[in-house]
Amino acid sequence: MNFTLFKHELFASLKLFIIILAVLMLYIISVIYMYNPEMTDTLKKINGNNA
């Protein structure tokens, strides 16, 4: 196995992985930031669920 080629492909894939991971983290942080427990209660009241 050619170690130089393996190392080049590994670093190329690592850059893409870091970019995708950063975008995913921003998305998850924004979802967590926008979560409001009171909204869940409001939706339950609208649907008629008391549980």
Side-chain angles (χ1 to χ4, degrees):
M1 179 177 201
N2 190 349
F3 182 71
T4 306
L5 182 61
F6 175 73
K7 190 170 92 172
H8 175 70
E9 292 297 323
L10 182 67
F11 284 122
S13 298
L14 187 64
K15 289 177 188 175
L16 180 62
F17 177 71
I18 289 173
I19 291 170
I20 292 172
L21 187 64
V23 171
L24 186 63
M25 286 175 60
L26 287 173
Y27 178 72
I28 290 172
I29 288 170
S30 66
V31 168
I32 290 172
Y33 179 73
M34 290 188 315
Y35 175 72
N36 185 0
E38 294 175 3
M39 181 62 79
T40 311
D41 295 334
T42 306
L43 290 174
K44 286 181 182 178
K45 289 177 184 177
I46 291 172
N47 290 331
N49 297 334
N50 294 327

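Starting from 1, each residue takes its place in the sequence as its number. Keep in mind that the numbers below use all heavy atoms, side chains included, and drop hydrogens, waters and symmetry copies. Bear in mind the structure is a predicted one, so any value in this text is a computation, not a measurement.
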Could you tell me the separation between the [atom1] atom of [X] and the [atom2] atom of [Y], rounded to the nearest 0.5 Å?
{"X": "L24", "Y": "I20", "atom1": "CG", "atom2": "CD1", "value": "9.0 Å"}
{"X": "L5", "Y": "L10", "atom1": "CG", "atom2": "CG", "value": "11.0 Å"}
{"X": "H8", "Y": "N2", "atom1": "NE2", "atom2": "CG", "value": "11.5 Å"}

Task: Linked, directly or transitively: F11 and I19 (ILVMFWY side chains, under 4.5 Å) - done: no

Open item on the list: Let me check something: do F17 and M25 share a hydrophobic cluster, defined by ILVMFWY side-chain heavy atoms less than 4.5 Å apart, either directly or through other members?
Closed with: yes

Task: Beyond-backbone contact of L14 with I18, side-chain heavy atoms, under 4.5 angstrom - done: yes

